Amino acid sequence: MKNSDIFSGEGLQKQTEIVSLDMALLKEKVYERVAEIACWNQMEEEMAKQQRKIAYACIQKIWEEYDHTYCMHILLRPFSVECIRDGFFLFGKDKVVCDVLKKVDRKQISGGYLYALRVPETKAAYENPQSLLQQYYIEAFQVACMDVTRAWIRKHLQQRHSGELPCVCSRSFGPGFYGMKLEDVPVLLDALDAQQIEVTWDKGCMHPQMSLTGIYLLSSLGLLPQGRDCRNCIGGGEGCNFCCDGNDCNNV
């Protein structure tokens, strides 16, 4: 199939892909991520036990609300190397600055994917008065689902493109870190037509609040350093204002 049959003149694939990922299939990883977010391993045993009990009770209500089928909504759109320039991406007429592209071997890059995802809204988050601790664990669960989903997407894309030639999918990155500006979020959402999964941008925020957008790159070799993002960030310093207020954070 000719490249023109797959990609538009702007280097974006003509068709998007919507995936529904049932988090029940990744429940163990979600609980592990919740534990990391809550830092239970740093608590005294009895305190950690109490915290787990509260967290699991909150999370169980969410599983039950969705009849144990809690699906993340994922939107993917491949793009060709034509969109990757020296220090920026070009999606149509929109230029998205990305300092990391100046510091990697772009010859190794074979393409990439734009993505957006959102967490299903849950009545547990806004119905019935919740204590601050219960609300914290509801949000920790939602964040854990997003983190586990991003890791799943990375593995999924790497397996999809691994044939006779080796293929490495980068970790997720996007506006807010690796030298990309938060102001470019709506550019990515427009390129994706993210309204397909009901993700929008209004008054400087993504809606629903528990939504993400970003980029994965495909290459023959690993492009981005392993380890925690802030420790090994090769983007610009602007990202520090977004990534945990400059504190060390987990990478996915």
Side-chain angles (χ1 to χ4, degrees), residues 15-41 43 48-78 113-162 169-174 189 192-200 206-216 249-252:
Q15 298 296 322
T16 56
E17 176 185 0
I18 297 177
V19 179
S20 293
L21 178 62
D22 185 358
M23 300 310 295
L25 301 176
L26 299 166
K27 184 179 289 188
E28 183 176 341
K29 292 185 179 297
V30 171
Y31 280 111
E32 288 175 355
R33 184 68 185 118
V34 170
E36 291 175 351
I37 293 170
C39 299
W40 290 334
N41 64 330
M43 299 179 186
K49 183 178 180 181
Q50 293 175 1
Q51 294 293 308
R52 280 195 297 270
K53 183 177 180 180
I54 295 170
Y56 290 170
C58 294
I59 295 171
Q60 182 61 27
K61 289 181 180 179
I62 298 175
W63 291 126
E64 292 173 353
E65 179 183 337
Y66 281 87
D67 196 25
H68 299 276
T69 305
Y70 189 77
C71 291
M72 298 288 290
H73 305 286
I74 307 164
L75 180 64
L76 298 170
R77 189 172 190 182
Y113 279 79
L114 289 168
Y115 81 88
L117 61 87
R118 70 174 178 87
V119 177
E121 295 184 349
T122 172
K123 295 178 182 178
Y126 53 84
E127 282 193 354
N128 301 321
Q130 301 286 335
S131 71
L132 289 176
L133 187 57
Q134 289 172 319
Q135 186 65 39
Y136 167 76
Y137 280 121
I138 290 171
E139 293 181 2
F141 169 75
Q142 293 174 318
V143 171
C145 286
M146 289 194 289
D147 289 346
V148 169
T149 297
R150 288 192 297 164
W152 179 89
I153 295 171
R154 180 188 183 191
K155 183 178 180 180
H156 171 71
L157 295 179
Q158 186 159 307
Q159 290 176 339
R160 172 184 287 184
H161 291 275
S162 292
C169 182
S170 72
R171 289 179 291 113
S172 162
F173 68 101
L189 295 182
L192 277 160
D193 188 16
Q195 291 188 9
Q196 294 180 78
I197 58 169
E198 301 178 10
V199 174
T200 59
M206 290 181 70
H207 300 276
Q209 183 179 1
M210 289 295 179
S211 304
L212 285 173
T213 187
I215 294 171
Y216 292 90
C249 56
N250 289 309
N251 74 86
V252 178

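Start at 1 with the first residue, then count along the sequence. Treat the numbers as computed from the prediction; the structure is a model and nothing was measured.
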Step by step, would you call Glu139 with Met210 a side-chain contact (heavy atoms from CB on, under 4.5 Å)? CA-CA 9 Å; Glu139 293 181 2; Met210 289 295 179; 4.1 Å; yes
Just wondering, do Gln135 and Leu132 contact through their side chains at under 4.5 Å, heavy atoms? no
Minimum-distance pair of heavy atoms, taken over all atoms of Cys58 and Ile138: CB-CG1, 4.2 Å
Apply ring-ring contact (aromatic ring centres under 6.0 Å, His included) to His161 and Tyr113, showing your working. CA-CA 12 Å; His161 291 275; Tyr113 279 79; 5.5 Å; yes
For His73 and Ser20 the tightest heavy-atom approach is ND1-OG, 4.1 Å
Nearest-0.5 Å distance that lies between atom CD in Gln142 and atom CZ in Arg118: 11.5 Å
Would a distance-only check, ignoring hydrogens and angles, find a side-chain to backbone donor-acceptor pair under 3.5 Å from Tyr216 to Arg150? yes
Any ion pair linking Glu36 and Arg33 (charged N to carboxylate O, less than 4.0 Å)? yes
Any sub-3.5 Å donor-acceptor pair from Arg154's side-chain atoms to Cys169's backbone N or O? yes
For Tyr70 and Ile59, run side-chain contact (heavy atoms from CB on, under 4.5 Å): C-alpha distance rounded to whole Å, both residues' side-chain angles, the deciding distance at 0.1 Å, then the answer. CA-CA 11 Å; Tyr70 189 77; Ile59 295 171; over 6 Å; no
Nearest-0.5 Å distance that lies between atom NZ in Lys155 and atom CD in Gln159: 5.5 Å
For atom CD of Gln209, is the number of surrounding heavy atoms from other residues, nucleotides or ligands below 6.0 Å larger than 12? no
Atom SG of Cys145 and atom CD1 of Ile62: how far apart are they, to the nearest 0.5 Å? 8.0 Å
Which pair of heavy atoms, one from Arg77 and one from Gln15, lies closest together, and at what distance? CG-O, 4.4 Å
Between His156 and Trp152, how do the two ring planes meet: parallel, tilted or perpendicular, split at 30° and 60°? parallel
When every non-hydrogen atom of Ala38 is compared with those of Met43, the smallest separation belongs to O-CE, 3.5 Å
Nearest heavy-atom neighbours spanning Val34 and Trp40: CG1-CH2, 4.0 Å
For residues Tyr115 and Ile215, report the shortest heavy-atom separation together with the two atoms involved. CE2-N, 3.6 Å
Pairwise side-chain hydrogen bond (donor to acceptor under 3.5 Å, both in side chains) hits with a residue in residues 22-31, at least two apart: Tyr31-Trp63
Quick one: pull up CG in Leu192 and OG1 in Thr16 and give me the separation to the nearest 0.5 Å. 8.0 Å
Heavy-atom count around Gln195 CD within 6.0 Å, excluding the residue itself: above 12? no
State the CG-OG1 distance between Leu117 and Thr149, to the nearest 0.5 angstrom. 6.0 Å
Set out, in order, the CA-CA distance, both residues' side-chain angles and the distance that settles side chain to side chain donor-acceptor pair (under 3.5 Å) for Tyr137 and Gln51, then state yes or no. CA-CA 9 Å; Tyr137 280 121; Gln51 294 293 308; 2.7 Å; yes
Side-chain contact test, heavy atoms from C-beta onward, threshold under 4.5 Å: evaluate it for Gln60 versus His68 and give yes or no. yes
To the nearest 0.5 Å, what is the distance between CE on Met72 and CD1 on Ile153? 8.0 Å
